[in-house]
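To start, the structure under review is shown below, and the notes come after it.
Along the sequence shown, residues are numbered consecutively beginning with 1.
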Amino acid sequence: MFVDSHCHLDRLSEHTHGGDVAATLDAARQANVSQFLAISTTLEELPGLAAIAREHHDVAISAGLHPLYQAAHEPSVDEIVDAAEQYGAVAIGETGLDYHYQESVPLSVQHERFKRHLMAASELELPVIIHTREAKEDTLALLREYSNPQVGGVIHCFTEDLEMAREAVRLGFYISLSGIITFRNAASLRTLARQLPLDRLLIETDSPYLAPVPHRGKPNEPAWVVEVAECIARERGISVDEVAMQTTVNFYHLFRAAAPDAPAHVKEALAQSGLVV
């Protein structure tokens with residue numbers, strides 16, 4: 001079985017099963033994807049995401065503001081905490097720093113927003129989902145200062161270098177690989193997939209964005225997280241079943257609030273590794 005650890009189910013294209021969330025999830029389940037983490041990019045999205053989660057037992061949600069979201073109001077730590085609790089989020093984010101489009105939101109605002117999310121995650125003891133682009137040093141510096149290593153989190157859709165990945169792992173974070181790893185120009189990510197410990201990797205689609213080969217040019221969907229796992233398996237010279245099982249166990253280790261809904265054989269693996277659910 002597989003887990004899509006990062007998808008945007010409220011942004012499905014009309015070309016993805018007619019924009020029908022239920023049909024999209026059913027297609028993924030047919031591909032043995034059995035858990036989905038639907039990611040918040042604004043707090044205003046939370047009621048809709050929570051409604052999807054209520055309708056589908058295998059969907060969990062996060063609560064946060066994307067670093068490039070142009071907010072009319074910057075929520076306080078308490079407001080982020082309250083929103084996460086109200087809607088049953090299992091993680092905080094996505095949050096972080098994006099210097100590629102830094103003209104969208106001033107860096108000072110991005111930094112303060114990121115700090116508040118990290119503080120909210122620490123207060124709630126929930127993992128944090130990090131978006132980082134061209135902001136390696138500042139991202140790591142803020143994680144060192146404000147993140148809780150006992151709770152950790154994940155750098156999603158990782159595209160930075162091996163040095164950053166190793167430092168993030170040292171700080172208690174997982175590294176999530178997306179369909180980008182299948183792109184022809186992503187040799188450095190495939191090298192990273194071989195060199196990082198498998199027990200620190202997650203897989204995701206970031207759907208409806210970044211469809212993997214052989215689906216490039218189409219709206220992405222959670223079923224295609226399997227292609228990400230297959231690419232990692234090829235690079236490491238192991239079976240896709242091993243990648244699927246380990247990344248699934250990793251997911252529930254990190255997002256413990258979702259673990260009670262894990263399938264029985266995953267709960268057994270989690271218990272063997274010391275996590276009782």
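When side chains are defined from C-beta on, T132 does not count as touching F158, because their heavy atoms never get closer than 4.5 Å. In this structure the side chain of F114 reaches within 4.5 angstrom of the side chain of T139, judged on heavy atoms. Counting only heavy atoms from C-beta outward, the side chains of V226 and N32 never approach each other to under 4.5 Å. Between I180 and Y209 the shortest side-chain heavy-atom distance does not fall below 4.5 Å. A 4.5 Å side-chain heavy-atom check between I232 and I203 finds at least one atom pair inside the cut-off. With a 4.5 Å cut-off on side-chain heavy atoms, H131 and T95 do not count as touching. Inter-residue side-chain proximity for I130 and L143 is flagged as met; some heavy-atom pair is nearer than 4.5 Å. For the pair L210/C157, a side-chain contact is recorded, criterion being any heavy-atom separation below 4.5 Å from C-beta on.
Looking at S178 and E204, their side chains never bring a donor and an acceptor atom within 3.5 Å of each other. If you check the side chains of N220 and T205, you find no donor sitting under 3.5 Å from an acceptor. Residues D206 and H156 have side chains that never bring a donor and an acceptor to within less than 3.5 angstrom of each other.
The hydrophobic cluster containing V169 also contains I181, counting ILVMFWY residues as joined when their side-chain heavy atoms lie under 4.5 angstrom apart, directly or transitively. Hydrophobic cluster membership differs between L25 and I39, with clusters built from Ile, Leu, Val, Met, Phe, Trp and Tyr side chains linked at under 4.5 angstrom. No path of Ile, Leu, Val, Met, Phe, Trp and Tyr side chains, each step under 4.5 Å between heavy atoms, connects V228 with V3, placing them in separate hydrophobic clusters. One hydrophobic cluster holds both V225 and I52 under the rule that ILVMFWY side chains link at heavy-atom gaps under 4.5 Å. If you chain together hydrophobic residues whose side chains sit under 4.5 Å apart, M1 and V240 never meet in one group.
Remark: E125 CD is loosely packed, at most 12 non-hydrogen atoms of other residues, nucleotides or ligands lying under 6.0 Å away. Within a 6.0 Å radius of CD in E103, more than 12 heavy atoms belonging to other residues, nucleotides or ligands are found.
Listed here is the closest heavy atom pair of S207 and P222: OG-CD, 3.7 Å. Scanning both residues, L254 and V151, for their nearest heavy atoms gives CD1-O, 3.8 Å. Summarising the geometry of L192 relative to A165, their closest heavy-atom pair is CD1-CB, 3.9 Å, with the distance given to 0.1 Å. Closest approach of T182 to C231, counting heavy atoms only: CG2-CB, 4.0 Å. Taking all atoms of both residues into account, the shortest heavy-atom contact from P47 to L43 is CD-O, 3.9 Å. L202 approaches S5 most closely through the heavy-atom pair CB-OG, 3.9 Å.
With sequence neighbours excluded, no residue satisfies ring pair (Phe, Tyr, Trp, His ring centres under 6.0 Å) with F183. For E163, the side chain to side chain contact (heavy atoms under 4.5 Å, CB included) partners are K136, D161, not counting sequence neighbours. The salt bridge (charged side-chain N to carboxylate O under 4.0 Å, His left out) check on D138 picks up nothing, with sequence neighbours excluded. By the salt bridge (charged side-chain N to carboxylate O under 4.0 Å, His left out) test, E45 pairs with R11, sequence neighbours left out.
The NE2 atom of H57 sits 8.5 Å away from the OG atom of S34 when rounded to the nearest 0.5 Å. To the nearest 0.5 Å, atom CG of residue L49 and atom OG of residue S62 are 7.5 Å apart. Atom CD1 of I238 and atom CG of L198 lie 5.0 Å apart (nearest 0.5 Å). To the nearest 0.5 Å, atoms CD1 (I61) and CZ (R54) are separated by 8.5 Å. Rounded to the nearest 0.5 Å, atoms CG (D199) and OG1 (T247) are 11.5 Å apart. Residue R234 holds its CZ atom at 9.0 Å from CZ of R190, rounded to the nearest 0.5 Å.
Q86 places no side-chain N or O within donor-acceptor distance of the main-chain N or O of A83, the cut-off being under 3.5 Å. For Q110 (side chain) and D98 (main-chain N/O), a donor-acceptor pair under 3.5 Å exists by modelled atom type. Within the 3.5 Å criterion, the main-chain N or O of G64 finds no donor-acceptor partner in the side chain of E94. Of the possible polar contacts, none joining the R113 side chain to the L97 backbone as a donor-acceptor pair under 3.5 Å is found. Within the 3.5 Å criterion, the main-chain N or O of L65 finds a donor-acceptor partner in the side chain of H117.
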Practice problem: Carefully, step by step, assess I92 and L124 under the rule side chain to side chain contact (heavy atoms under 4.5 Å, CB included). | Solution: CA-CA 9 Å; I92 299 298; L124 288 171; 4.0 Å; yes
Practice problem: Give the intermediate values and the outcome of side chain to side chain contact (heavy atoms under 4.5 Å, CB included) for residues Y87 and D82. | Solution: CA-CA 9 Å; Y87 292 105; D82 290 346; over 6 Å; no
Quiz prompt | Worked check of side chain to side chain contact (heavy atoms under 4.5 Å, CB included) between E123 and M119 | solution = CA-CA 6 Å; E123 180 175 333; M119 293 167 69; over 6 Å; no
Exercise. Kindly determine whether F173 and S147 satisfy side chain to side chain contact (heavy atoms under 4.5 Å, CB included), including the steps that lead there.
Key: CA-CA 10 Å; F173 281 74; S147 70; 3.8 Å; yes
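The pair R144-E167 counts as a salt bridge, with a side-chain nitrogen and a carboxylate oxygen less than 4.0 angstrom apart.
For residues 13-26, the set of pairs meeting the side-chain hydrogen bond (donor to acceptor under 3.5 Å, both in side chains) definition, not counting sequence neighbours, comprises H17-E221, D26-R29. Annotation: ring-ring contact (aromatic ring centres under 6.0 Å, His included) contacts involving residues 20-47, sequence neighbours excluded, are absent.
Classification of the F255-F251 ring pair by plane angle, with boundaries at 30° and 60°, yields tilted.
With Y252 as the partner, the side chain to side chain contact (heavy atoms under 4.5 Å, CB included) test is satisfied by one option alone out of N250, T248, V249: T248.
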